[in-house]
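Basis for what follows: all heavy atoms, side chains included, without hydrogens, waters or symmetry-related copies. None of the values given here were measured: they were computed from a predicted structure.
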Amino acid sequence: MRALVVVESMFGNTEEVAEAIAAGLSADGVETSVLPVREAPTSFEGVDLLVVGGPTHAFTMSRPSTRADAEDKGADTAAAEGIGLREWIDQLRGDAAVHVAVFDTKVQHPHLPGSAARAARKRLRSRGFPAVDPATTFWVAGTPGPVLSGELDRARRWGSELATLVTSSAA
Ligand SMILES: Cc1cc2nc3c(=O)[nH]c(=O)nc-3n(C[C@H](O)[C@H](O)[C@H](O)COP(=O)(O)O)c2cc1C
């Protein structure tokens, strides 16, 4: 059983969450790798589970303009200048054999509407990935973070639940 976690992250918070999800998957026996979206493949030979995560920017997935905005606020330059989930998903061709799970990070205070994960889910389904789980959000304290207390444990548990789901559906 193999999982690939593809993550977009400007300030490192979504990446931390992705690593915690990967730890949960690995602890439950799923061989898991984590890749930044700018290095992610566009075909998924041998991948049973694809986990896709990114930060919510302006109520949805990032765009070049919001990534530039993040860079102005001190985000990682390589992440800001590379592609985001939106541009990566647009390169994909659907694969019904791959189970997909999506997550995002968002600021909890104030609680703003919109979700990168919900937008990514919609776009993945329209690209031909039928089996996409409902979107999950993990909370950060503000634009640069940090991830709120308890969220990394929740991410690890979510990874573990995903492992159970894909392992049982393959049995
Ligand atoms: C340009 C920009 C727009 C943002 N818009 C939103 C938003 O609409 N809703 C929200 O909850 N957080 C918003 N945020 C905060 C991000 O969600 C937060 O920076 C992100 O979760 C941190 O993840 P990262 O460290 O992986 O980049 C925005 C951040 C930036 C830089």
**Report entry** Salt-bridge present (Arg121, Asp133; N to O < 4.0 Å)
**Finding:** no
Requested in this report: Give a yes or no on whether a salt bridge exists between Asp69 and Lys73, defined as a side-chain N under 4.0 angstrom from a carboxylate O.
Outcome: yes
Does [X] belong to the same Ile/Leu/Val/Met/Phe/Trp/Tyr cluster as [Y], with side-chain heavy atoms less than 4.5 Å apart forming each link?
{"X": "Val132", "Y": "Leu165", "value": "no"}
{"X": "Val51", "Y": "Leu4", "value": "no"}
{"X": "Phe103", "Y": "Phe11", "value": "no"}
{"X": "Val47", "Y": "Val52", "value": "yes"}
{"X": "Val147", "Y": "Val7", "value": "yes"}

Can you find a heavy atom in the side chain of [X] that is under 4.5 Å from one in the side chain of [Y]?
{"X": "Phe129", "Y": "Asp95", "value": "yes"}
{"X": "Met61", "Y": "Trp88", "value": "no"}
{"X": "Ser9", "Y": "Val17", "value": "no"}
{"X": "Asn13", "Y": "Phe138", "value": "no"}
{"X": "Thr77", "Y": "Glu71", "value": "yes"}
{"X": "Val107", "Y": "Trp139", "value": "no"}
{"X": "Arg123", "Y": "Asp90", "value": "yes"}
{"X": "Leu49", "Y": "Val98", "value": "no"}

Determine the minimum heavy-atom distance between [X] and [Y], stating which atoms define it.
{"X": "Ala96", "Y": "Pro130", "result": "CA-CD, 3.8 Å"}
{"X": "Thr66", "Y": "Ala58", "result": "CG2-CB, 4.2 Å"}
{"X": "Glu16", "Y": "Leu152", "result": "OE1-CD1, 3.4 Å"}
{"X": "Val102", "Y": "Trp158", "result": "O-CH2, 3.7 Å"}
{"X": "Leu124", "Y": "Leu92", "result": "CD2-CD1, 4.0 Å"}
{"X": "Ser160", "Y": "Asp28", "result": "OG-OD2, 3.1 Å"}

Report task. Please lay out, stage by stage, how Arg2 and Val30 fare under the test side chain to side chain contact (heavy atoms under 4.5 Å, CB included). Result -> CA-CA 6 Å; Arg2 275 193 57 214; Val30 178; 5.8 Å; no
**Report entry** Test side chain to side chain contact (heavy atoms under 4.5 Å, CB included) applied to Gln108 and Val140, step by step
**Finding:** CA-CA 6 Å; Gln108 196 171 39; Val140 299; over 6 Å; no
Rounded to the nearest 0.5 Å, what separation is found between the [atom1] atom of [X] and the [atom2] atom of [Y]?
{"X": "His99", "Y": "Leu50", "atom1": "NE2", "atom2": "CG", "value": "10.0 Å"}
{"X": "Arg154", "Y": "Ile21", "atom1": "CZ", "atom2": "CD1", "value": "9.5 Å"}
{"X": "Leu148", "Y": "Lys106", "atom1": "CG", "atom2": "NZ", "value": "12.5 Å"}
{"X": "Leu25", "Y": "Thr167", "atom1": "CG", "atom2": "OG1", "value": "9.0 Å"}

Requested in this report: Quick one: do Ser62 and Glu8 satisfy side chain to side chain donor-acceptor pair (under 3.5 Å)? Show the steps, please.
Outcome: CA-CA 9 Å; Ser62 76; Glu8 174 188 342; 2.6 Å; yes
I'd like to know whether [atom1] of [X] has more than 12 heavy-atom contacts from other residues, nucleotides or ligands below 6.0 angstrom.
{"X": "Arg63", "atom1": "CZ", "answer": "no"}
{"X": "Arg67", "atom1": "CZ", "answer": "yes"}
{"X": "Glu45", "atom1": "CD", "answer": "no"}

Query raised in the report: Can Thr105 and Thr137 be said to form a side chain to side chain contact (heavy atoms under 4.5 Å, CB included), step by step?
Result: CA-CA 6 Å; Thr105 53; Thr137 289; over 6 Å; no
Query raised in the report: Can you list the steps and then say if Asp76 with Met10 is a side chain to side chain contact (heavy atoms under 4.5 Å, CB included)?
Result: CA-CA 6 Å; Asp76 176 59; Met10 303 289 121; over 6 Å; no
Query raised in the report: Looking at Asp104, Thr136, Thr60, which one forms a side chain to side chain donor-acceptor pair (under 3.5 Å) with Ser115?
Result: Asp104
Query raised in the report: Listed by chain and number, what are the side-chain contact (heavy atoms from CB on, under 4.5 Å) partners of Gln91, not counting sequence neighbours?
Result: Thr42, Ile83
